[in-house]
Amino acid sequence: PARLTATGRAVWLQLRAGSDAWVVPLRGARLDRPLWVPGALAPAVDGTGRLVVAGPAGGDLLTWTVETGKAVPGAPLRARGHDGTGIVATPDGRIGFWSAGGFRIAVPARARFRPDGVAETFHLNSRVVGQRWGRVFVEACLPPGTTLEVGFATADEAPPGPPPAALGPVLARTGPLHRRETGNEQPWVIAAPGDRYAVYEAPVTAPPGRHLWVRLRLTGTGSGTPRVRALRAEFPAHDLLERLPRAYRRDAASASFLRRYLAIIDGQLGDLESRAARRDLLLDPHGAPVEALPWLASLVGLVLDSRWPEAARRTVLAEAGIQFRSRGTVAGLSRLLEIYLGTPVVILEAFRLRGTPQRAIGGAAGEPGRGAAVVGTGLRLGGATPAGATPYSAQAHRFSVLVPRELDDDELAVVHDVLDLHRPAHTSVEVCALGRGMRVGMTLHVGISTVVGPGSGFTAARVGRDRLGRGTVVGRGRAGVRPGVVRAGRGAVVDA
């Protein structure tokens with residue numbers, strides 16, 4: 001036994017025998033076998049429960065996550081200047097170490113990639129002897145400074161699996177791909193927001209053959225690397241050259257060039273034909289392009305508001321049938337506002353807060369011209385109401401919308417527009433944003449409109465969005481303290 005570390009419920013023991021070292025859990029975790037870490041000096045556990053082991057001085061810290069009895073390696077931590085005396089978990093869950101300059105904190109190590117590599121596919125079988133292949137499409141992410149090239153080889157008779165040795169020199173002749181300006185070649189495919197992958201294409205420059213092998217050559221910068229997500233091959237190739245006079249294809253070299261040139265035209269025509277053939281996909285609210293959403297909404301009698309997020313507009317279209325059946329009801333308004341705001345709302349009808357007179361002070365209950373003051377449910381003492389008015393008529397056709405978060409001016413305007421369009425015309429409405437949580441008064445009715453909000457208004461800062469200055473507080477949030485609302489002085493206590 002060399003080292004022992006304990007944090008929370010986890011206890012780990014390090015065993016050493018010369019340069020060999022093992023780490024075993026004693027409590028809080030289970031491993032099928034001891035974790036062998038050559039040259040390990042000290043273990044620790046960070047705030048996320050990861051096992052961190054320090055090696056020789058100056059090296060990175062190795063990390064593992066224990067899952068179902070297995071130790072899964074994770075990204076290492078950079079410990080610049082580590083003197084090899086040990087590591088420790090800090091109170092905030094990070095890992096600290098000693099160096100010649102004092103105590104320091106380990107940071108995630110920067111990823112390093114191989115500068116080049118090759119990926120080869122197994123044989124792609126067209127099931128037709130002498131098949132002429134068309135184009136190949138590669139979905140890839142190419143950071144600046146990285147490249148991707150492609151090579152091909154074909155054969156009619158070949159064993160399945162990797163390419164034969166005889167085809168190796170042919171595959172080694174790789175060339176660049178072209179990035180498609182029109183995006184994915186598959187009809188009506190929508191890229192996810194923030195997706196950095198693009199579709200690249202190249203004609204298959206290989207003789208006809210039943211089997212096709214594809215080689216991808218990737219080069220990177222060390223800190224950046226290309227990534228490939230998918231590869232698709234097209235067959236058969238276009239037949240535009242066969243439709244031209246025979247004089248255009250008598251010379252093999254000229255015919256090869258013309259076939260590749262006509263592939264550009266065939267690709268554009270193919271994109272148009274595939275979109276027309278799969279136009280049924282436009283009727284899917286979640287699959288149609290964003291520019292087609294207004295047209296799709298017109299088919300069901302809807303007018304989409306461009307101020308709504310794209311995801312909310314698609315959801316409204318998908319639920320249009322249900323919304324029409326429940327339009328103007330509490331359920332319909334609640335769901336519509338929930339789709340836009342992304343959070344459930346509470347619709348409070350005023351009649352639910354009515355009081356039923358039980359005993360009048362100064363006159364009989366319900367006497368014309370007398371006050372409807374009661375003691376009991378809905379306490380009212382000395383209140384005067386118009387002649388003939390009842391608690392029902394005073395509260396009828398009125399409701400409030402309680403939103404359990406803050407609303408900016410644009411969101412508030414959209415909410416009012418939605419209510420004006422979809423609520424019954426004879427009703428009146430009030431919108432109340434409960435961004436500050438529970439408030440005693442008009443918006444707090446136990447069992448009806450009780451909303452518990454956050455106790456602190458602090459949010460995480462984001463680079464490029466927040467600026468230090470007015471409205472920004474650096475530090476840690478404290479329950480009950482809200483920037484811009486709580487002020488130092490009466491009612492506020494500052495302590496260490």
Side-chain angles (χ1 to χ4, degrees), residues 1-120 141 143-147 216-229:
R3 296 267 185 170
L4 185 71
T5 182
T7 174
R9 299 180 179 180
V11 179
W12 291 82
L13 174 65
Q14 177 188 335
L15 306 173
R16 290 187 60 85
S19 60
D20 289 336
W22 297 265
V23 180
V24 295
L26 300 182
R27 183 185 303 171
R30 183 184 64 84
L31 284 179
D32 296 339
R33 61 182 64 186
L35 180 61
W36 178 53
V37 188
L41 297 178
V45 179
D46 66 3
T48 62
R50 292 187 305 173
L51 174 65
V52 183
V53 178
D60 292 340
L61 309 183
L62 305 180
T63 65
W64 288 269
T65 301
V66 179
E67 298 178 359
T68 63
K70 306 293 183 180
V72 181
L77 299 178
R78 181 64 172 160
R80 189 182 301 275
H82 178 221
D83 58 7
T85 57
I87 56 177
V88 65
T90 61
D92 58 0
R94 296 183 291 178
I95 298 296
F97 63 94
W98 283 98
S99 66
F103 186 76
R104 302 183 66 178
I105 299 297
V107 297
R110 181 176 298 178
R112 301 295 299 177
F113 304 97
R114 293 177 54 185
D116 60 80
V118 172
E120 294 179 351
C141 175
T146 64
T147 61
L216 298 177
R217 182 178 297 277
L218 304 91
T219 60
T221 61
S223 59
T225 180
R227 299 175 183 270
V228 176
R229 181 168 62 188

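Quick caveat: nothing in here was measured; it's all calculated off a predicted structure.
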**Asked** Can any side-chain N or O of Arg27 pair as donor or acceptor with the backbone N or O of Ala29 at less than 3.5 Å?
**Response** no

**Message:** Quick test of your reading: applying side-chain hydrogen bond (donor to acceptor under 3.5 Å, both in side chains), list the pairs with at least one residue in residues 37-56, sequence neighbours left out, ordered by first then second residue.
**Reply:** Asp46-Thr48, Asp46-Arg50

**Atom of Gly39, atom of Arg16 and distance for their closest heavy-atom approach** = C-NH1, 4.3 Å

**Request:** State, to 0.1 Å, how close Thr221 and Thr146 come at their nearest heavy-atom pair, and which atoms those are.
**Result:** N-CG2, 4.4 Å

**Asked** Looking only at heavy atoms, what is the nearest atom pair of Val45 and Ala89, with distance?
**Response** O-CB, 3.2 Å

Check residues 67-77 and write down every donor-acceptor pair under 3.5 Å in which the side-chain atom is one partner and the other belongs to a residue at least two apart or another chain.
unit_1: Lys70; atom_1: NZ; unit_2: Asp32; atom_2: OD2; d: 3.3

**Asked** Can you list the residues that meet the side chain to side chain donor-acceptor pair (under 3.5 Å) rule with Arg94, with sequence neighbours excluded?
**Response** Asp92

Let me check something: any side-chain donor-acceptor pairs from residues 96-105 under 3.5 Å, sequence neighbours excluded? List them with distances.
unit_1: Ser99; atom_1: OG; unit_2: Gly101; atom_2: N; d: 3.4
unit_1: Ser99; atom_1: OG; unit_2: Gly102; atom_2: O; d: 2.9
unit_1: Arg104; atom_1: NH1; unit_2: Arg80; atom_2: O; d: 3.3

In a table with atom names and distances, give each donor-acceptor pair under 3.5 Å that connects a side chain of residues 53-61 to protein atoms at least two apart or in another chain.
unit_1: Asp60; atom_1: OD1; unit_2: Arg78; atom_2: NH1; d: 3.0

**Request:** Give the minimum heavy-atom separation between Ala44 and Ile95, together with the two atoms involved.
**Result:** CB-CD1, 4.2 Å

**Request:** Just grab all the salt bridge (charged side-chain N to carboxylate O under 4.0 Å, His left out) pairs involving residues 109-119, residues at least two apart or on different chains.
**Result:** none

**Fill in**
The reported gap from CG in Leu51 to CG in Leu35 (rounded to nearest 0.5 angstrom) is 6.5 Å

**Complete:** For Pro226 and Gly220, the nearest pair of non-hydrogen atoms, with its separation, is CD-CA, 4.2 Å

**Item:** 4.5 Å side-chain heavy-atom contact, Trp64 and Leu31
**Value:** no

**Message:** Any heavy-atom pair between the side chains of Arg227 and Leu218 that's under 4.5 Å?
**Reply:** no

**Fill in**
Note: Ile87 and Ala42 closest approach over all heavy atoms is CD1-O, 3.7 Å

**Message:** I want to check something: taking the side chain as every heavy atom from C-beta on, are Leu15 and Pro1 in contact at a cut-off of under 4.5 Å?
**Reply:** yes

